[in-house]
Chemist: 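Got a structure here, written out as structure tokens. Questions coming.
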Amino acid sequence: MRTSQYLLSTLKETPANAEVISHQLMLRAGLVRNVASGMYTWLPTGLKVLRKVENIVREEMEKAGSLETLMPMVQPADLWEESGRWEDYGPELLRLKDRHDRPFVLGPTHEEVITKLVANEISSYKQLPLNMFQIQTKFRDEIRPRFGVMRGREFLMKDAYSFHLSAECLQKTYDVMFDAYCRIFDRLGLDYRPVIADTGSIGGEASHEFHVLAESGEDDIAFSDASDFAANVEKAEALAPSGTKPSPSLALTEVSTPNAKTIDDVATLLNVDSKQTVKTLIVLGNEIEDQPTPVIALVLRGDHQLNEIKAENLANVASPLTFASEEEVLNAVGCNIGSIGPVGLNIPVIVDRSAAHLADFVSGANKDGFHFSGTNWDRDCTDYTVEDIRNVVEGDQSPCGKGKIVIKRGIEVGHIFQLGEKYAQAMNCGVLTEQGKNKILTMGCYGIGVSRIVAAAIEQNHDKYGIKWPSAIAPFQAAIVPMNMAKSARVKETAETMYNQLQEAGIDVLFDDRKERPGVMFADHELIGTPILLIIGERNLDNQEIEIKNRITGEKSMMPINDVMSLFK
RNA sequence: CGGUGAUUAGCGCAGCUUGGUAGCGCACUUGGUUUGGGUCCAAGGGGUCGCAAGUUCGAAUCUUGCAUCACCGACCA
């Protein structure tokens with residue numbers, strides 16, 4: 001490609017609306033342009049990168065035995081009613097109507113469509129297992145799109161679905177997909193980790209997320225500093241503290257704490273460590289027929305944070321987790337938020353493992369403006385259950401048994417699930433077994449955020465001059481940068497010859513034939529991150545040499561003109 | 001959904017306090033100059049000042065409403 005026939009569209013200045021580095025560089029390097037909140041046009045350079053990512057994903061999926069399909073982006077609402085997600089999905093699901101007033105959705109994912117397809121197409125166990133994927137635009141009406149294509153509303157995703165007769169067979173495909181994902185991220189040249197994940201709203205059993213490690217990531221990943229253990233903080237188990245619980249040494253004493261409504265206030269006022277306090281959260285319980293909504297108290301150590309996912313997975317806690325209103329708190333507890341504690345409550349009390357390990361701690365007195373000091377479990381509060389309901393923090397024991405927890409930020413770029421029978425059941429997707437009986441299939445589902453990978457790759461690979469693409473996904477393999485071609489016939493001739501030669505060899509090379517000063521050309525190529533610059537100038541032609549500059553290492557070296565092809569072997 | 005802020009040329013911004021029909025840098029066009037790291041000089045083109053209503057002789061500027069975009073928060077006991 002010649003720059004004179006190309007749309008480079010680089011920007012010298014950083015657009016004001018871009019916050020993270022990948023978003024800024026994607027705009028400056030001319031990869032994408034914003035169209036509306038969370039929606040982007042991919043310019044030629046960006047699309048080249050996107051297609052390279054897509055092709056790696058496609059090749060590895062095919063190698064792993066998955067069949068490519070393409071499903072519609074717009075889906076009829078009745079499919080979603082059949083699966084139950086028309087009600088469950090919430091406002092992220094964009095709903096629309098056609099001219100006949102028939103309801104549709106913009107597909108945020110395609111379980112319904114594929115399950116319906118398989119229900120219709122597959123009728124015998126002999127046709128299983130089956131694994132199909134597509135690379136398709138998805139739409140999720142995110143609460144808050146941000147960071148450019150990292151969390152867009154419209155985005156490109158590879159999603160795959162597998163169908164099986166047995167859990168063992170599903171596990172086998174799941175393992176194959178796990179390995180395929182590792183190969184994909186290896187080939188992309190990214191620093192990533194598979195981590196144990198929550199199955200979230202889609203439901204199901206086993207699940208791993210693949211995270212690209214980067215400061216700007218939106219997820220917290222808990223690692224062990226002594227093993228391979230890695231889990232999303234949402235999912236990482238917080239073990240009970242080791243050792244025996246100290247015995248009570250203080251009497252329960254009511255203390256006045258006017259206007260101290262937060263743990264920090266109370267800890268400061270009473271001059272105790274927040275680790276010696278507990279906070280008590282009132283949430284809604286599951287509805288029981290013909291009765292007012294029950295409320296439940298969750299008790300955590302003052303310095304810990306509630307893990308909402310763990311909490312809402314508890315049997316008697318409402319899902320999604322909902323905090324009680326001020327009025328509900330007043331009715332149930334008899335005081336306002338800020339003075340609640342576990343002592344004397346006549347509602348169910350669930351205590352976190354770490355909070356349950358305390359002795360002589362500070363708690364709310366269930367009386368406005370008062371707390372208790374010297375609170376002790378079993379003596380002052382007898383009716384409670386102990387559960388893991390907090391987020392792990394740095395320094396906790398790793399749940400794998402080895403080492404301590406370290407927390408890093410990650411960008412979720414892949415997610416694999418064992419779905420089980422949820423969708424197959426709802427859409428009546430089954431086959432006849434060897435025994436001639438109908439059996440509902442069990443499913444796996446495997447996603448990769450293709451467009452997000454482009455942003456994640458930049459987050460991990462850039463410097464002050466611009467993007468440093470891993471070579472597998474660079475928009476161009478190399479660029480020819482001639483010095484003062486307009487004046488030098490020798491330079492022009494060498495550049496043209498080299499361009500033709502590389503083109504014929506199938507090398508994706510950008511020939512900078514603009515009448516620009518060298519500085520302008522260097523700056524542009526560094527910004528868009530071309531891995532190799534082939535610099536042709538008068539001063540080296542006498543020796544029949546050109547200069548090679550490596551974008552990743554910054555190294556410059558000389559090379560005989562005729563050896564250029566060796567760079568691409 | 002709540003809070004905050006922004007909206008003036010393709011991009012980045014000034015002008016608004018104190019109303020008088022718009023300016024700077026980059027980018028773009030033309031000519032010249034320069035040519036191994038974002039040259040320099042000159043001459044140009046480009047804006048219903050987000051939309052609507054109001055106040056006024058007169059509104060980018062004051063008032064009201066709306067829209068869009070962005071940032072922060074959505075553990076608070």
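Keep in mind that the numbers below use all heavy atoms, side chains included, and drop hydrogens, waters and symmetry copies. Every chain is numbered from 1, with letters handed out A, B, ... down the list of sequences.
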Chemist: Using whole Å, report how far CZ of Arg539(A) lies from P of U35(B).
Modeler: 13 Å
Chemist: Rounded to whole angstroms, how far apart are CZ on Arg33(A) and C1' on G10(B)?
Modeler: 9 Å
Chemist: Apply the test ring pair (Phe, Tyr, Trp, His ring centres under 6.0 Å) to residues Tyr6(A) and Phe511(A): give CA-CA distance (whole Å), side-chain angles for both, the deciding distance (0.1 Å), then the verdict.
Modeler: CA-CA 10 Å; Tyr6(A) 192 68; Phe511(A) 178 14; over 10 Å; no
Chemist: Report each atom pair, protein N/O against N/O of nucleotides 37-41 of chain B, whose distance is under 3.5 angstrom.
Modeler:
residue : atom : partner   : partner atom : Å
G37(B)  : O4'  : Gly519(A) : N            : 3.3
G37(B)  : O6   : Lys549(A) : NZ           : 2.7
G37(B)  : N1   : Glu526(A) : OE1          : 3.3
G37(B)  : N1   : Glu526(A) : OE2          : 2.8
G37(B)  : N2   : Glu526(A) : OE1          : 2.4
U39(B)  : OP2  : Arg517(A) : NE           : 2.9
U39(B)  : O4'  : Arg517(A) : NE           : 3.4

Chemist: Quick one about Thr262(A) and Asp265(A) (side-chain donor to acceptor, distance below 3.5 Å, no hydrogens or angles considered), yes or no?
Modeler: yes
Chemist: Expressed as a whole number of angstroms, how long is the span from Asp512(A):CG to G36(B):P?
Modeler: 15 Å
Chemist: Could you check which nucleotide pairs with C16(B) in any of the strands shown, counting Watson-Crick or G-U wobble with both distances under 3.5 Å?
Modeler: none
Chemist: Is any NZ, NE, NH1 or NH2 atom of the basic residue among Glu538(A) and Arg490(A) found under 4.0 Å from an Asp or Glu carboxylate oxygen of the other?
Modeler: yes
Chemist: Going by an N to O cut-off under 4.0 Å, is there a salt bridge joining Arg551(A) and Asp463(A)?
Modeler: yes
Chemist: Considering every strand and a 4.0 Å limit on heavy-atom distances, what is the contact class for Asn391(A): base, sugar-phosphate, or nothing?
Modeler: base
Chemist: Determine the interatomic distance between C1' on A9(B) and the same-named atom on C71(B); round to the nearest Å.
Modeler: 26 Å
Chemist: Roughly, in whole Å, what's the span from NE2 in His525(A) to C1' in G36(B)?
Modeler: 14 Å
Chemist: Count the heavy atoms belonging to other residues, nucleotides or ligands that lie under 6.0 Å from CD of Glu215(A), then report whether that count exceeds 12.
Modeler: no
Chemist: Which residue lies toward the 5' end of RNA chain B, Thr14(A) or Ile340(A), if each is placed at its nearest nucleotide?
Modeler: Thr14(A)
Chemist: Distance between the C1' atoms of U8(B) and C13(B), in whole angstroms?
Modeler: 10 Å
Chemist: Provide, to the nearest angstrom, the distance between the NZ atom belonging to Lys367(A) and the C1' atom belonging to A77(B).
Modeler: 18 Å
Chemist: Salt-bridge test for Arg2(A) and Glu496(A): reply yes if a basic N is under 4.0 Å from a carboxylate O, no otherwise.
Modeler: yes
Chemist: Using a 4.0 Å heavy-atom cut-off to protein, can you give one letter per nucleotide of nucleotides 69-74 of chain B, 5' to 3': B if the base is in contact, S if only the sugar-phosphate is, - if neither?
Modeler: SSSBBB
Chemist: Can you pull out every salt bridge (charged side-chain N to carboxylate O under 4.0 Å, His left out) where at least one residue sits in residues 29-49 of chain A? Sequence neighbours excluded, please.
Modeler: Lys48(A)-Asp508(A)
Chemist: Take atom CD of Glu13(A) and atom C1' of A14(B), then tell me their distance rounded to the nearest Å.
Modeler: 14 Å
Chemist: With a 4.0 Å cut-off, would you call Asp512(A) and Arg514(A) a salt bridge?
Modeler: yes
Chemist: P atom, A70(B) versus G36(B): distance in rounded Å?
Modeler: 43 Å
Chemist: Please give the distance between the P atoms of A6(B) and U17(B) as a whole number of Å.
Modeler: 16 Å
Chemist: Between side-chain atoms of residues 342-358 of chain A and protein atoms elsewhere (two or more places apart, or another chain), which donor-acceptor pairs fall under 3.5 Å?
Modeler:
residue   : atom : partner   : partner atom : Å
Asp352(A) : OD1  : Ile389(A) : N            : 2.9
Asp352(A) : OD1  : Arg390(A) : N            : 3.3
Asp352(A) : OD2  : Ser354(A) : N            : 3.1
Asp352(A) : OD2  : Arg390(A) : NE           : 3.4
Arg353(A) : NH1  : Glu237(A) : OE2          : 3.0
Arg353(A) : NH1  : Ala238(A) : O            : 2.7
Arg353(A) : NH2  : Glu237(A) : OE2          : 3.3
Ser354(A) : OG   : Arg390(A) : NE           : 3.1
Ser354(A) : OG   : Arg390(A) : NH2          : 3.2

Chemist: Using the C1' atom in both, what is the distance from A67(B) to C51(B), to the nearest Å?
Modeler: 7 Å
Chemist: Can you tell me the base-pairing partner of G5(B)? Count Watson-Crick or G-U wobble geometry only, both distances below 3.5 Å, and say none if there is no partner.
Modeler: C69(B)
Chemist: Mind checking the C1' distance from C49(B) to G20(B)? Whole angstroms is fine.
Modeler: 16 Å
Chemist: Describe the nucleic acid contact of Asp265(A) in one word from base, sugar-phosphate, nothing, applying a heavy-atom distance below 4.0 Å.
Modeler: nothing
Chemist: Could Glu526(A) and Lys549(A) be called an ion pair, given the rule that one side-chain N must be under 4.0 Å from one carboxylate O?
Modeler: yes
Chemist: Looking at A22(B), which nucleotide sits across from it as a Watson-Crick or G-U wobble partner, both distances under 3.5 angstrom, or is there none?
Modeler: none
Chemist: What is the base-pairing partner of A27(B), counting Watson-Crick and G-U wobble geometry with both distances under 3.5 Å?
Modeler: none
Chemist: Run the salt-bridge test on Arg28(A) and Glu13(A) with the 4.0 Å N-O cut-off and return the result as yes or no.
Modeler: no
Chemist: Would you tabulate the nitrogen or oxygen pairs shorter than 3.5 Å linking the protein to nucleotides 28-32 of chain B?
Modeler:
none

Chemist: Pick the P atom in G25(B) and in C62(B), then give their distance to the nearest Å.
Modeler: 26 Å
Chemist: Parallel, tilted or perpendicular: which fits the ring planes of Trp80(A) and Tyr89(A), with parallel below 30° and perpendicular above 60°?
Modeler: perpendicular
Chemist: Please give, in whole Å, the distance from A27(B) C1' to Arg514(A) CZ?
Modeler: 13 Å
Chemist: Could I get the full list of side chain to side chain donor-acceptor pair (under 3.5 Å) partners for Glu328(A), not counting sequence neighbours?
Modeler: Ser325(A)
Chemist: Round to the nearest Å and state the distance from Lys515(A) atom NZ to U34(B) atom P.
Modeler: 11 Å
Chemist: Under a 3.5 Å cut-off for both distances, is G54(B) Watson-Crick or wobble paired, and to whom?
Modeler: C62(B)
